Peer 1: 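The structure under discussion is supplied below as structure tokens; questions concerning it will follow.
On a predicted model such as this, the values are computed, not experimentally measured, just so you know. Atoms within each ligand, like the ligands themselves, are counted from 1 in listed order. One-based numbering along the sequence shown.
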Amino acid sequence: MLMMKDIVKSYESGGEEQTVLDHVNFSVEKGEFVSILGPSGSGKSTMMNIIGCLDVPTSGEYFLNGREIENLDEVTLAKIRNQEIGFIFQSFQLLPRSTIVENVELPLMYAKVHAKERRERAVEILTRMGLGEKIDYYPNQLSGGQQQRVAICRAVITQPSILLADEPTGALDQKTGKQVMELFKELNDEGRTIIMITHDANIAKHAHRIVKILDGKLSEGVLEDA
Ligand code: ATP
Ligand code: MG
């Protein structure tokens, strides 16, 4: 469902070229739960941004659901980002002046789903996630774990083919982080493809496959020196 071929991403700074992704080859099949594990500065978010069509590589090819991303126009890319990919971030990134249910509805609004159906679907998923009592609250009235659950509701509401999570437990305590991982496992059992990036080996091991990244180079394998 996703394939990166020989991806290079480099930046020019002060006349010097810095290679952040160094000939990366990476594929994910439908239904996988993969984590990308690496230390700070290793290139994880850069890779995530390319996977999520938020950024483009300097060279190499990236295919998502059968299309080569380089060939697509901005309107198509925006649609892919809204409907085919569910983003989950460390800092939740909920809109502070919108209620919980309004936050969750947002991707459906972009997708031009009718208001009544939007509200029904948002309430349904929030209820399923144990947040049915909180739909009219604002984000700052919720705990971190609850806010991340809201962000997960928002990410899955369009039924995206891929969930992309960048350090999803980074702002949570251990117990709450583990609950979020349980939730990811449930979503994966329901058939959702999940790609999660983290610097934490204890979080990474919840996935079925771990890919390590160091200085922009990818390696698949065991966790002995993580
Ligand atoms: P962290 O765990 O701290 O989030 P990361 O693995 O996500 O780290 P990236 O954000 O992918 O790391 O950054 C990798 C490298 O690329 C860093 O050295 C960073 O300085 C560099 N980099 C990222 N974005 C840019 C940019 N827009 N311009 C120049 N350099 C950049
Ligand atoms: Mg990062």
Peer 1: Mind checking whether Leu77 and Phe63 sit in one hydrophobic cluster, side chains of I, L, V, M, F, W, Y counted as touching below 4.5 Å?
Peer 2: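 No.
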Peer 1: Identify the protein heavy atom lying closest to atom 3 (O) of ligand 1, giving its residue, its atom name and the separation to 0.1 Å.
Peer 2: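 It is Ser40 OG, 2.6 Å.
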Peer 1: For residues Ile162 and Met1, report the shortest heavy-atom separation together with the two atoms involved.
Peer 2: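 Smallest interatomic distance, heavy atoms only, reads CG1-SD, 3.8 Å.
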Peer 1: Spell out, as yes or no, whether a donor-acceptor pair under 3.5 Å connects the side chain of Asp6 to the backbone of Asn25.
Peer 2: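 No; zero donor-acceptor contacts below 3.5 Å.
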Peer 1: May I ask you to identify the nearest protein heavy atom to atom 17 (C) of ligand 1, giving residue, atom name and distance to one decimal place in Å?
Peer 2: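 Ranked first by proximity to atom 17 (C) of ligand 1 is Gly41 O, 4.1 Å.
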Peer 1: So which heavy atom on Met129 is nearest to which on Cys153, and how close?
Peer 2: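 Closest pair (atom of Met129, atom of Cys153, distance): CG-SG, 3.3 Å.
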Peer 1: Is Glu220 salt-bridged to Lys212, cutoff N-O under 4.0 Å?
Peer 2: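 Judged by the 4.0 Å cut-off on N to carboxylate O distance, Glu220 and Lys212 do not form a salt bridge.
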Peer 1: Which one holds for Met48 and ligand 1: side chain close, backbone close, both close, or neither close, with close meaning a heavy atom under 4.0 Å?
Peer 2: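 Neither; nothing of Met48 gets under 4.0 Å from ligand 1.
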Peer 1: Write out the residue and atom name of the closest protein heavy atom to atom 2 (O) of ligand 1, then the distance separating them to 0.1 Å.
Peer 2: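 Here the nearest protein heavy atom works out to Lys44 NZ, 2.7 Å.
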Peer 1: Look at atom 23 (C) of ligand 1 and say which protein heavy atom is nearest, naming residue and atom and giving the distance to 0.1 Å.
Peer 2: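 The protein heavy atom lying closest is Tyr11 CE1, 3.8 Å.
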Peer 1: Nearest to atom 11 (O) of ligand 1, what protein heavy atom do you find, and at what distance?
Peer 2: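 Checked against all protein heavy atoms, atom 11 (O) of ligand 1 sits closest to Thr46 OG1, 2.6 Å.
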Peer 1: Same cluster or not: are Ile36 and Ile203 linked, directly or through other Ile, Leu, Val, Met, Phe, Trp or Tyr residues, by side-chain heavy atoms under 4.5 angstrom apart?
Peer 2: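 Ile36 does not cluster with Ile203.
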Peer 1: Looking only at N/O atoms, are Ser42 and ligand 1 under 3.5 Å apart anywhere?
Peer 2: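 Between Ser42 and ligand 1, an N or O pair is found under 3.5 Å apart.
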Peer 1: Does Leu54 belong to the same Ile/Leu/Val/Met/Phe/Trp/Tyr cluster as Leu64, with side-chain heavy atoms less than 4.5 Å apart forming each link?
Peer 2: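 Yes.
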Peer 1: Is the number of heavy atoms from other residues, nucleotides or ligands under 6.0 Å of Gln174 CD greater than 12?
Peer 2: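 Not buried by this count: 12 neighbours or fewer within 6.0 Å.
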Peer 1: Can you find a protein heavy atom closer to atom 28 (N) of ligand 1 than 4.0 Å?
Peer 2: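 Given the 4.0 Å limit, the answer for atom 28 (N) of ligand 1 is yes, a protein heavy atom qualifies.
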Peer 1: If you count the atoms of ligand 1 from 1 in the order shown, which ones are under 4.0 Å from a heavy atom of Ser45?
Peer 2: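 Near Ser45, the atoms of ligand 1 are 4 (O), 5 (P), 7 (O), 10 (O), 11 (O).
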Peer 1: Would a search of protein heavy atoms around atom 25 (C) of ligand 1 find one under 4.0 Å away?
Peer 2: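 There is a protein heavy atom less than 4.0 Å from atom 25 (C) of ligand 1.
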Peer 1: Please confirm whether Gln18 approaches ligand 1 to less than 4.0 Å, judged on its heavy atoms.
Peer 2: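 For ligand 1, residue contact (heavy atoms, under 4.0 Å) with Gln18 is present.
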Peer 1: Using non-hydrogen atoms of the residue, decide whether Gly43 is closer than 4.0 angstrom to ligand 1.
Peer 2: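 Within the 4.0 Å threshold, so yes.
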Peer 1: By number and element, which atoms of ligand 1 are closer than 4.0 Å to a non-hydrogen atom of Pro39?
Peer 2: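 In order of numbering, the contacting atoms are 6 (O).
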Peer 1: So do Gln83 and Gln159 actually touch side chain to side chain, heavy atoms under 4.5 Å?
Peer 2: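 They are not in side-chain contact.
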Peer 1: Looking at ligand 1, would Ser13 count as a contact under a 4.0 Å heavy-atom criterion?
Peer 2: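 Heavy atoms of Ser13 never come under 4.0 Å of ligand 1.
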Peer 1: N/O/S of Thr46 less than 2.8 Å from the Mg ion (ligand 2)?
Peer 2: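 Of the N, O and S atoms in Thr46, none lies under 2.8 Å from the Mg ion (ligand 2), which means no.
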Peer 1: Should Asp55 and Lys9 count as an ion pair when the cut-off is N to O under 4.0 Å?
Peer 2: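 Here Asp55 pairs with Lys9 in a salt bridge, since their nearest N and O are under 4.0 Å apart.
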Peer 1: Number the atoms of ligand 1 from 1 as they appear, then name those within less than 4.0 Å of a heavy atom of Val20, with their elements.
Peer 2: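 Answer, ordered by atom number: 14 (C), 15 (C), 16 (O), 21 (C).
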